[in-house]
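The structure under discussion appears below in the form of structure tokens.
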Amino acid sequence: MTQLTPAMRRSPAFWVASGFGCGLAPKAPGTVGTLVAVIPWLLFQHLPLPIYIAIVVATFALGVWTAHQVIDIVEKDDPSVIVIDEFVGLWIGLAALPAGLPWLIVGVLLFRLFDVSKPWPVSWADRKLHGGFGAMLDDALAGLYTLLMIQSVAWLLPRWGY
């Protein structure tokens, strides 16, 4: 667990990058961040897709900047306290999600699976890219995998008679 230092306490960037403190969770901060990210998603999931995408892109850009600030404070590349990347990754994965709680549960589980297992190019981004952009991009790619899986299954199910 990352200790809350005076520099973090004073930094608005820290509070944004840490998901308003949920990145300080003593166990599995990435999972906690993912679960907390569902709350704002519930508020904007029904917005028109261009507005939804704009929110995700703006949060990605904000995440790059705030993650960079936290990396400078903590002096560690992509520390676990940064969870704004989980927010963005999950929101990418849940874009245009079919209605229903089972789809949401599958989306969250798939995102965590891809975020933790890091299939290529998620693993490449995690290893090769650094700073705020690197911290954000691997989760965005995990979100893209989630989006592709969910949308593929949603497209296939009616064709298979479900």
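Given the structure is predicted, the values throughout are model-derived calculations rather than measurements.
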Go through the steps for Val38 and Leu90 under the test side chain to side chain contact (heavy atoms under 4.5 Å, CB included), then give the verdict. CA-CA 8 Å; Val38 170; Leu90 182 69; 3.8 Å; yes

Would you check if the side chain of Trp15 reaches a backbone N or O of Arg9 as a donor-acceptor pair within less than 3.5 Å? yes

Using the ring centroid of each side chain, check whether Trp91 and Tyr52 are separated by less than 6.0 Å. no

When rounded to the nearest 0.5 angstrom, what is the spacing between CD1 in Ile92 and CZ in Phe111? 8.5 Å

Heavy atoms of Ala17 and Val70 approach each other most closely as CB-CG2, 3.6 Å

Distance from Gln151 atom CD to Thr146 atom OG1, nearest 0.5 Å? 11.0 Å

For the student: nearest non-hydrogen atoms of Pro121 and Tyr145, plus distance: CD-OH, 3.4 Å

Please report the interatomic distance CD(Glu86) to OG1(Thr34), rounded to the nearest 0.5 Å. 4.5 Å

Gap between atom CG of Asp85 and atom OG1 of Thr59 - 0.5 Å precision: 12.0 Å

Any idea which heavy atoms bring Val32 and Lys27 closest together, and the distance? CG2-O, 3.9 Å

What distance separates Phe14 CZ from Ile73 CD1, expressed to the nearest 0.5 Å? 8.0 Å

Determine whether a donor-acceptor pair (N or O, by modelled atom type, separation under 3.5 Å) exists between the side chain of Lys118 and the backbone of Asp115. yes

Where is the tightest heavy-atom contact between Pro40 and Phe87, given as atom of each residue plus distance? CG-CE2, 4.2 Å

For Val74 against Pro79, the heavy-atom pair lying closest together: CG1-CB, 4.2 Å

Looking only at non-hydrogen atoms, find the nearest pair between Phe114 and Pro119 and report the distance. O-CD, 3.5 Å

